[in-house]
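In what follows, a single structure is set out as structure tokens and then discussed.
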Amino acid sequence: MPDRVINFNPGPATLPFDVIKESAVGAVNFNNLGMSIMEMSHRSKEFEGLMHDAMNDMLGLMGLSSDEYAVLFLGGGASMQFCMLPYNFLGQDQTADYVNTGVWARSAIKEAKLFGKVNIAATSEATGFDRVPTEFSLTPGAAYVHVTSNNTIFGTRMVKFPETGAVPLVCDMSSDFLSRRIDFGRFGMIYAGAQKNIGPAGVTAVIIRKSWVEKAKDGIPTMLSYKTHLGKDSLFNTPPVFPIYIVGLVMKWVKAKGGLEAIEKNNNEKAGLVYQAIDSSGGFYRGTVQPESRSIMNLTFRLATEELEQKFLDEAKKNQLIGLKGHRDVGGCRASMYNALPLEGAAKLAEFMDAFHKAN
Ligand SMILES: *Cc1c(COP(=O)(O)O)cnc(C)c1O
């Protein structure tokens with residue numbers, strides 16, 4: 001096994017090493033068919049089979065039925081969903097409710113405003129996005145309500161999702177998809193760029209209630225219509241074949257780990273170790289968010305000065321702990337600890353943090 005660094009990159013991010021190794025085999029000679037998975041038709045029975053397995057495994061992990069929900073594998077990243085969602089579901093005279101919890105939520109809001117009216121149902125902007133609101137002022141009869149389950153840049157997560165009644169609840173789960181148990185059946189649509197928790201960049205998973213797709217607007221460009229992709233089972237055009245293959249392998253890996261209950265337990269343990277290192281440092285490390293909103297995927301913290309932060313990052317790197325620099329918009333440090341980061345990785349970081357604290 002090659003030396004692998006302990007990878008805290010925010011995305012693209014660490015993947016299970018077993019998946020990397022298996023995909024390296026498939027990249028050369030898939031199922032002994034004498035060709036790479038990348039060289040096969042997306043309409044071959046082998047590819048269709050693995051794509052359907054990936055879809056079904058994903059729904060299975062979420063406890064959703066394929067009678068009610070469909071998985072679409074689309075290109076364009078999570079960012080494409082910022083415009084696709086309102087394009088399909090927000091009429092000019094309609095209002096959509098958006099909860100503004102940071103940079104990605106704001107990007108989603110900007111796109112929605114191109115199509116209809118936006119009501120900000122709650123925001124934590126006034127306190128620098130250091131928490132996720134728990135009270136929401138919803139519009140009766142809104143087209144949908146949009147939330148972000150985990151705020152990758154600010155290091156917060158939503159625990160209490162809005163009660164939306166008959167109004168579809170939509171969630172950008174890009175940075176904590178399949179990292180914890182959530183009542184997924186509450187959502188009209190969930191989307192996630194693969195490159196944080198479920199695969200490489202290039203594919204976005206959209207899990208959508210089929211009965212809602214029927215209500216989508218007509219007369220919009222073919223490629224941007226959910227109806228197109230649902231109608232053709234994600235094979236309207238050539239989908240991102242190789243990323244979908246890896247997502248399928250990651251789904252099997254999550255299942256083998258014991259599903260979301262086991263994954264969540266592991267993630268809680270990992271986050272606990274690092275938050276403990278922060279909280280027991282007597283202010284040497286300062287968490288940047290309110291404890292009740294702390295993310296277990298992206299853990300953000302600061303040191304006393306930017307110079308000390310740089311020293312921390314440099315020495316961490318010498319210890320094979322990489323990717324700990326905070327997002328350029330907010331600075332500081334951030335440990336992104338997605339599903340595939342092993343518990344030992346989090347333990348090494350916590351140990352390093354204690355040692356660095358003592359030495360400085
Ligand atoms: C990374 C991220 C995005 C953007 O994803 P792309 O696939 O790069 O478009 C959107 N939302 C959240 C919450 C993210 O973490």
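The residues of the chain are indexed from 1 along the displayed sequence. Both ligands and their constituent atoms are indexed starting at 1 by order of listing.
- Judged by distance alone, the side chains of Asn268 and Lys265 never bring a donor and an acceptor atom under 3.5 Å apart.
- Counting heavy atoms of neighbouring residues, nucleotides and ligands inside a 6.0 Å radius, atom NZ of Lys110 does not exceed 12 of them.
- Thr152 OG1, 2.4 Å is the protein heavy atom nearest to atom 15 (O) of ligand 1.
- Distances from ligand 1 to the non-hydrogen atoms of Gln195 include at least one value under 4.0 Å.
- Atoms of ligand 1 lying under 4.0 Å from at least one heavy atom of Lys196, given by number and element, are 1 (C), 2 (C), 3 (C), 14 (C), 15 (O).
- No donor-acceptor pair closer than 3.5 Å links the side chain of Asp172 to the backbone N or O of Ser79.
- Applying side-chain hydrogen bond (donor to acceptor under 3.5 Å, both in side chains) to Thr156 and the options Thr300, Thr288, Asn151 leaves one that passes, Asn151.
- Nearest residue to atom 9 (O) of ligand 1 from Ser174, Ser79, Ala192 is Ser79 (criterion: closest heavy atom).
- Asn197 and Asp176 form no side-chain donor-acceptor contact under 3.5 Å, judged by distance and modelled atom types alone.
- Residue Lys160 qualifies as enclosed at atom NZ: its count of foreign heavy atoms under 6.0 Å is above 12.
- When hydrogens are left out, the protein atom nearest atom 5 (O) of ligand 1 is Ala78 CB, 3.5 Å; that is the closest non-hydrogen contact.
- Taking every non-hydrogen atom of Asn150 and a distance limit under 4.0 Å, the qualifying atoms of ligand 1 come out as 13 (C).
- Here is the list of ligand 1 atoms found below 4.0 Å of a heavy atom in Gly77: 7 (O), 9 (O).
- Note: Phe89 and Trp212 have parallel aromatic rings, judged against thresholds of 30 and 60 degrees for the angle between ring planes.
- For atom 11 (N) of ligand 1, the nearest protein heavy atom (residue, atom name, distance) is Asp172 OD2, 2.6 Å.
- Within ligand 1, the atoms closer than 4.0 Å to a non-hydrogen atom of Phe82 are 10 (C), numbered from 1 in the order shown.
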